[in-house]
Amino acid sequence: MDNKKYLDKVVDHMVRSTEIENYLWNPTFRPIDRPIPIFSPDVGDDSWGYMIPLYEYLTKQFGLTNDEVKYVIERWVGVMKEIYREDGNVDL
């Protein structure tokens, strides 16, 4: 992962492409049209049914490696949780 600036731009793209319909629910990542369970204790291990389409999107759209996908997903989940925290409706 030499180019974290690129990966951070991917995270920014993901944040912009995420829709929060209701702060009581998980956000929907519009390019794959699925809610991503960001409130799971370990979103990567507990949620592969949701994560496979996200993984495929990131590898095909941006050419990311497994380590880069992990970095991007972890950063995106952190940003999304912060957005929910700032709204004040979720105690994380």
Side-chain angles (χ1 to χ4, degrees):
M1 284 191 305
D2 294 329
N3 193 354
K4 288 200 177 181
K5 284 185 181 182
Y6 176 71
L7 298 178
D8 289 338
K9 287 183 182 204
V10 173
V11 173
D12 290 342
H13 165 76
M14 290 181 66
V15 170
R16 288 190 311 273
S17 298
T18 301
E19 181 177 351
I20 299 172
E21 293 181 23
N22 182 323
Y23 279 94
L24 300 175
W25 301 328
N26 287 302
T28 299
F29 185 58
R30 288 189 305 253
I32 63 170
D33 197 28
R34 287 189 172 211
I36 306 297
I38 64 170
F39 304 115
S40 173
D42 189 350
V43 71
D45 290 341
D46 293 343
S47 313
W48 276 112
Y50 294 95
M51 299 308 288
I52 289 171
L54 180 57
Y55 172 85
E56 290 175 350
Y57 173 78
L58 292 171
T59 56
K60 291 177 183 173
Q61 184 72 21
F62 300 104
L64 302 183
T65 65
N66 289 342
D67 288 339
E68 291 169 335
V69 168
K70 183 178 184 215
Y71 172 85
V72 166
I73 290 174
E74 287 174 354
R75 296 268 305 178
W76 175 77
V77 168
V79 170
M80 294 312 302
K81 284 183 176 182
E82 187 59 33
I83 290 170
Y84 275 74
R85 240 185 245 109
E86 288 174 0
D87 180 67
N89 287 326
V90 177
D91 184 25
L92 300 171

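The first residue of the sequence shown is numbered 1, and numbering continues consecutively from there.
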Work out which heavy atom in Pro27 is nearest to a heavy atom in Ile20; give both atom names and the distance.
CB-CG1, 4.1 Å

Salt bridge (Lys or Arg N to Asp or Glu O under 4.0 Å) partners of Asp12, counting only residues at least two apart
none

Identify every side-chain donor-acceptor pair in residues 56-64 under 3.5 Å, counting partners at least two apart or on other chains, and give the distances.
unit_1: Tyr57; atom_1: OH; unit_2: His13; atom_2: NE2; d: 3.0
unit_1: Thr59; atom_1: OG1; unit_2: Tyr55; atom_2: O; d: 3.1
unit_1: Thr59; atom_1: OG1; unit_2: Glu56; atom_2: O; d: 3.1

Salt bridge (Lys or Arg N to Asp or Glu O under 4.0 Å) partners of Lys9, counting only residues at least two apart
none

Hey, what do you get for CE (Met14) to CE (Met80), rounding to the nearest 0.5 Å?
9.0 Å

Go through Lys81 and Val77 one step at a time and tell me if the side chain to side chain contact (heavy atoms under 4.5 Å, CB included) criterion holds.
CA-CA 6 Å; Lys81 284 183 176 182; Val77 168; 3.8 Å; yes

Taking the side chain as every heavy atom from C-beta outward, state whether Ile36 and Asn26 have any pair of such atoms under 4.5 Å apart.
no

CD1/Ile38 to CZ/Phe29 distance, rounded to the nearest 0.5 angstrom?
13.5 Å

Should Asn66 and Lys70 count as side-chain neighbours, where that means a heavy-atom distance under 4.5 Å?
no

Say you draw a straight line from OH of Tyr84 to CG of Leu24; how long is it, rounded to the nearest 0.5 Å?
8.5 Å

d(Thr18 OG1, Arg30 CZ) to nearest 0.5 Å is 7.0 Å

